[in-house]
Each structure stands twice: as structure tokens, then as C-alpha cells.
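First the structure, in the form of C-alpha cells, and then the observations on it.
Below, read A as the first sequence line, B as the second, and so on, with proteins coming before strands; counting in each chain starts at 1. Model, not experiment: these values are computed from the prediction.
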There are 2 protein chains.
Amino acid sequence: MRAARELDYRPNALARALRLQATRTIGLIIPDIRNDFYAHSATVLQGALEENGYRLILCISGGDAAHDRSYLRALVEHRVDGVVHVPSSPTSTRDLALPDAVTPLVELLRHSPEMRFDAVVSDDREGARALTRHLLELGHRRIAMLTGPAAYSTTRYRVDGYRDALREAGLDAESEVVEYGSYAPASGYAMTCEVLAREPRPTAIFASGSPLTGGMLRALAGHGLRMPHDVSVVAYEDPEWYAVSTPPLTCYALPLHEMGRVAAELIVRRAQQPAGERVPEIRRFSGTLVVRGSTGAPR
Amino acid sequence: MRAARELDYRPNALARALRLQATRTIGLIIPDIRNDFYAHSATVLQGALEENGYRLILCISGGDAAHDRSYLRALVEHRVDGVVHVPSSPTSTRDLALPDAVTPLVELLRHSPEMRFDAVVSDDREGARALTRHLLELGHRRIAMLTGPAAYSTTRYRVDGYRDALREAGLDAESEVVEYGSYAPASGYAMTCEVLAREPRPTAIFASGSPLTGGMLRALAGHGLRMPHDVSVVAYEDPEWYAVSTPPLTCYALPLHEMGRVAAELIVRRAQQPAGERVPEIRRFSGTLVVRGSTGAPR
DNA sequence: CTGAAAGCGCTAACAA
DNA sequence: TTGTTAGCGCTTTCAG
């Protein structure tokens, strides 16, 4: 031991992992670290993994399916014990994530259409329904929904929930205003301008993603519209800045903490389980409607 | 090749790295992924490294020096080719980062007091001076500064810059209002309440970190104060939400893109250089004052 | 050009 | 208890 200290010996984790056939490392692939939704999930997941004696390698795919696949491959080659994946698109996981599934994979927040993997997601349909119903109860009848790409499972579920609520209120397809774009701020801006030009103009907007919300707010300010007086606004998820925005935003807050913990548990369990014989497990979490200052009765 | 494809062969990156004595991987340690300052830097750094054929392992220290050291050790044991480090405290790097410096290390955004390593930082003193001078030119004479821990080099430089500006304007130490806390939102909230209780009440506030700024805005709203009418506000750095805040925040924007690129260049160069014989290189970058709606003449 | 072998640093099994 | 050795999967060198 003294010799080790004197020589400043560092065990070689590579050789160790090679010998043990286990790295005690989990890879996480997220589309964008600057999105609070993902950043928060990553933080929570890292904490939960640490408690189980696992390390986290974080990869940022930039929302690009090719990057997604390339990182997935890199992680497999680095022999991580498992991968947690927030898919950028429904095709990201296809092909990859081997048929014999050597490396276990858990999908977080979104899941790929095949549902071949464990998934930890929010109940998007229920959440969108709750937000829309809140607006309907305030008296809004013309509600525009701003969403990301239709290819995302999250987008589809949220649109479904929006429709559910309209239908329950006795509104038909005529009154639906759904704008598909991307979750980028610029897209939120453009979609907002688009729906504001519609006749009759919507009295409320449902923003279904936080970066998009930023663009929407800028567009509303640009049109000189004030919330909730001129237009009511609700948003999915609850990044910190929603509460300090003026006015604070009504939203649907997800139990990200719990979801991260469960994802960690799942992937650790799979990592210690013999491969094969895995029955995919889907865990769906409900959030809570947080009513703040951005919603009110229509003018 | 066909056999490889049929067997779904995956090269073992561990064995490869063990043999080659190089992982083509750089570790990045940041205090908090949810802080846009760090998140943006990480994104930029990852992109720049990728162009050089390097991978990024991201570690989140939670602003805790013990975590910092533990991750630093883990990265060294994983034989990363280099580490980029945003120190959580001045003591993080001490002891670790070996005397004979096997693994090269570049400090980003902040640097440790010994300056034994390469560092890529912003010119905090100049930036704080520019923001303070902007407020002075608008006529403010009582400017409160809200900062993080005095132990951070960034904090110290920013306070120095604030003092420089006051002194240049002929104000003495009497007119300084500096509040030390942490960069957490809750701390921003508390510090704001604190300085608002001072007599005479400051007419302007300088928030020296973005999570802190969120707390400050909430406190101002809680006191029913409006910007820039009741109080002017400036902030260091320019996360996206400053521009969509109401009103948009006057701030000092850093060339994060360039800084990330330079950090990547430095660490890649060091990684390919034989150990020893390294003369630490400090690169300091100036930002730009972005004047927006949160600042005006005092009432 | 193809094939065999050594060795990167570690752990686990086995021998002394 | 202490010491030796095989082998994880790769690359590189050297022999055929």
C-alpha cells in the first residue's frame, strides 16, 4: 500500500472492466442538454445510479437520429452495462439495439413504436387532456395546440389528449387547431404567428414543449398580447423558469424525480439480469396540473 | 466481414483502449447541467471534440468539491486522454491532478488559484465593470451586487470589476452593496429580499449568475417592483431565457462558442503532447454588453 | 500476403 | 497466507 501511494498508482479501470466483463457504467443519450426537461432527468438519473454504485456517461445527440445511433453503437462498444435512451425519433432505436439484445436498454420520456424495450414515460394523453380541460372550464372554445413532430410518440399522445378533452366538451373536429412543427424556440415563434393569423383567432394556446414555449412567449409579446387578458396559455412540463415568467405559466408538472429513480432501478435490474428472457415493461406516470397566472377566462 | 456481420460483431472499445493506451475520450466535469451557462459550454465542447475525433464523457459534480475530486479520479482511472474541468471550488483540483500530471487538464470558466493548468475563462472583471458602468451611466448611484461564494475566482473577479467601475465614477467603499450567497435560485431570492431592506434602497441590482437571477426576479415580483421603472437589473452571462423574460434582461454575453472551441483545441493538443513540459496557458475572453429592457434611469 | 504470438493491466482460480 | 498463472479482446510485430 505504501508503495502504491508513493508511486501514485491508479488502477486501470479499462483492464478491470475487460477482465470483469462489467463496467458498472450506464450510458444516457438525450437530445439536448439545454432543455430543462432532459437536463433535469439526467441529473435525477445520475443521482439514482450513483446510489446503486453505477456511473453515468452522458451523450448529447442533438435530436438527430443518426447521432442517436452512433452514440448507441459507441456505448455498446464501450461495453456499458446498460443504456437509458430518450429517443430523438421513432427510428433511432430500430436496427441498433441488437436482436439478441446484449446491452439492456430503457427508453425514457418517449418510447419507440415497437415497444420492444422497457420504458419510463409520462401519461402524455392524460396530461394534455387535463391542460385542455382546464382551458375549457375557463370558457375557452377556440384553443390552439402547438406541438413538435408528429413522429414523436409524445406528440401523438398529447394531441390525442387534447382531442379527448374537446370531444368531452362537445366540440367537434372543426374547432381543433393543431400546429405541428419542432420543439425548437424558432418553431414555437413561427407556429404562434401562424395560429394568431387564423380566423377566428384562438383565445388560448397550449404549448406542448418548453423550448417551443419560449418562442411562443416572444411571439405573443411581439404581437402586444398580454396573458391572460388577451390570450390564455398553458404548457406541458414545468421547467423552473415557468414559475418566474411574467405571468407565471399554468402547466402540467411531471414527477421527473420519481421517473428518474424508476428508470435507474429498471436499468440496474436489467444489467444484473441474464440477457434474453426480458419482457418489456412500460411504466407510465401521471403529473399534476399547476394553475398559475397565465390562464383566465376569455375576454 | 460477412462473418462479422452475421455474428453481429462489436469491437470491444475497452480492449482496444487497453492495447492502444489511448481512449480518444475527454472527460468534462461541470457543477450543474441545468445551468444554461454550463449546459451550453458542454454542448459546444462536445461538438468541437467530435470534429477532432474525440468523445465526451460528462460528469455532473453538483457543485460539490468532494464529487469533483471523485469524478476526477474516476476519469483518470478510466484513462481518458484529458479532462476539462469547471471547478466547483478552489480546492477541487488540489491534491488530485497528479504532480507529474499524467492526464492533462484544462480548466473552463473558472480557474483554481494555483493556475497550474491551462484555463479558458471569461474576462469577469471587465464584464462586471461594463455592466456596472452601464448602470452608472444611466444615473444609478446605489447598485447592489448579488454574487455566489467568495471562494470562486469568478466571484472575486466580478466583485473587483464592480468596484473598479464604482471607483472610476468617484464612488467610495460606502456605496458598495455586495451580497455573497450561492448561485442557487433560493439564494438569489434571499439576497434580493436582503438588499431591498437596506436603507437607502438600491435603485439597481447586478445579478452575477443565471440561476440566482431567477430567484431575484421572483423576489422583485413578490415585492411588486417593476423593471426598469422601480429597479434596474443587469445580469452576467446570457442564457436564452433572458431575452424572453419580461422585460428582456440587460446582460453581458460571453463568446461561449469560441471558448468551447478553444478549450477543445487545448485539451486535444495536450492529449497528443508528451506529458511534462507543459507551460500553463490562460486564455481570457471578453464578452459584449447587451442592453435590453431591464435597465433605465433611476426614478 | 497470411498467421502466430506477445502483451496492455487486471482478477480469479489454483498451488504452494 | 502468499505467489503464480491464465485469459478478458484487442493491436502490432515478426515469422513463414
Side-chain angles (χ1 to χ4, degrees), chain A residues 1-27 49-50 52-57 59 69-83 96-105 267-268 270-276, chain B residues 1-27 49-50 52-57 59 69-83 96-105 267-268 270-276:
Chain A
M1 291 308 282
R2 206 181 61 232
R5 211 167 308 118
E6 273 165 17
L7 296 172
D8 194 25
Y9 164 76
R10 308 278 164 165
N12 185 325
L14 264 43
R16 183 161 207 270
L18 183 61
R19 174 66 239 243
L20 293 183
Q21 299 288 58
T23 51
R24 289 197 82 78
T25 299
I26 300 293
L49 285 174
E50 199 170 332
N52 288 282
Y54 280 76
R55 213 179 307 287
L56 217 223
I57 293 188
C59 306
R69 268 194 298 269
S70 129
Y71 277 118
L72 220 35
R73 190 158 48 75
L75 289 171
V76 170
E77 291 182 0
H78 276 268
R79 297 299 190 266
V80 294
D81 296 339
V83 175
L96 218 283
L98 342 157
D100 43 356
V102 182
T103 308
L105 190 145
I267 195 66
V268 166
R270 296 298 195 198
Q272 287 161 356
Q273 215 171 44
Chain B
M1 291 309 282
R2 207 181 59 232
R5 211 167 307 118
E6 275 166 16
L7 296 171
D8 194 26
Y9 165 77
R10 309 277 165 167
N12 186 325
L14 265 41
R16 184 163 208 269
L18 183 62
R19 174 65 240 241
L20 294 183
Q21 300 287 55
T23 52
R24 290 198 80 79
T25 299
I26 299 292
L49 285 173
E50 200 169 333
N52 288 283
Y54 280 77
R55 212 180 310 286
L56 216 222
I57 292 187
C59 307
R69 268 194 299 267
S70 130
Y71 277 118
L72 220 35
R73 189 158 49 78
L75 289 172
V76 169
E77 291 182 0
H78 276 269
R79 297 300 190 264
V80 294
D81 296 340
V83 174
L96 219 285
L98 342 157
D100 43 356
V102 181
T103 308
L105 191 145
I267 196 66
V268 166
R270 296 299 194 196
Q272 287 161 357
Q273 217 172 42

By side-chain contact (heavy atoms from CB on, under 4.5 Å), A:A74 pairs with (sequence neighbours left out) B:R55

Salt bridge (charged side-chain N to carboxylate O under 4.0 Å, His left out) filter on B:R5, not counting sequence neighbours, yields none

For residues 18-27 of chain B, the side-chain hydrogen bond (donor to acceptor under 3.5 Å, both in side chains) pairs (sequence neighbours left out) are B:T23-B:D81

For B:H78 and A:L14 the tightest heavy-atom approach is O-CD1, 3.2 Å

As a check of understanding: the bend across the helix from C:dC1-D:dG16 to C:dC14-D:dG3, end axes from five pairs, rounded to 10 degrees, works out to 50°

Reading nucleotides 4-14 of chain D from 5' to 3' and marking B where a protein heavy atom lies under 4.0 Å of the base, S where only the sugar-phosphate is that close, and - otherwise, the string is --BBBBBBS--

Contacts of B:L75 meeting side-chain contact (heavy atoms from CB on, under 4.5 Å) (sequence neighbours excluded), chain-then-number -> B:I29, B:I57, B:C59, B:V80, B:V83

Would you say A:T103 and A:L72 make side-chain contact, with heavy atoms under 4.5 Å?
-> no

Contacts of A:E50 meeting salt bridge (charged side-chain N to carboxylate O under 4.0 Å, His left out) (sequence neighbours excluded), chain-then-number -> none

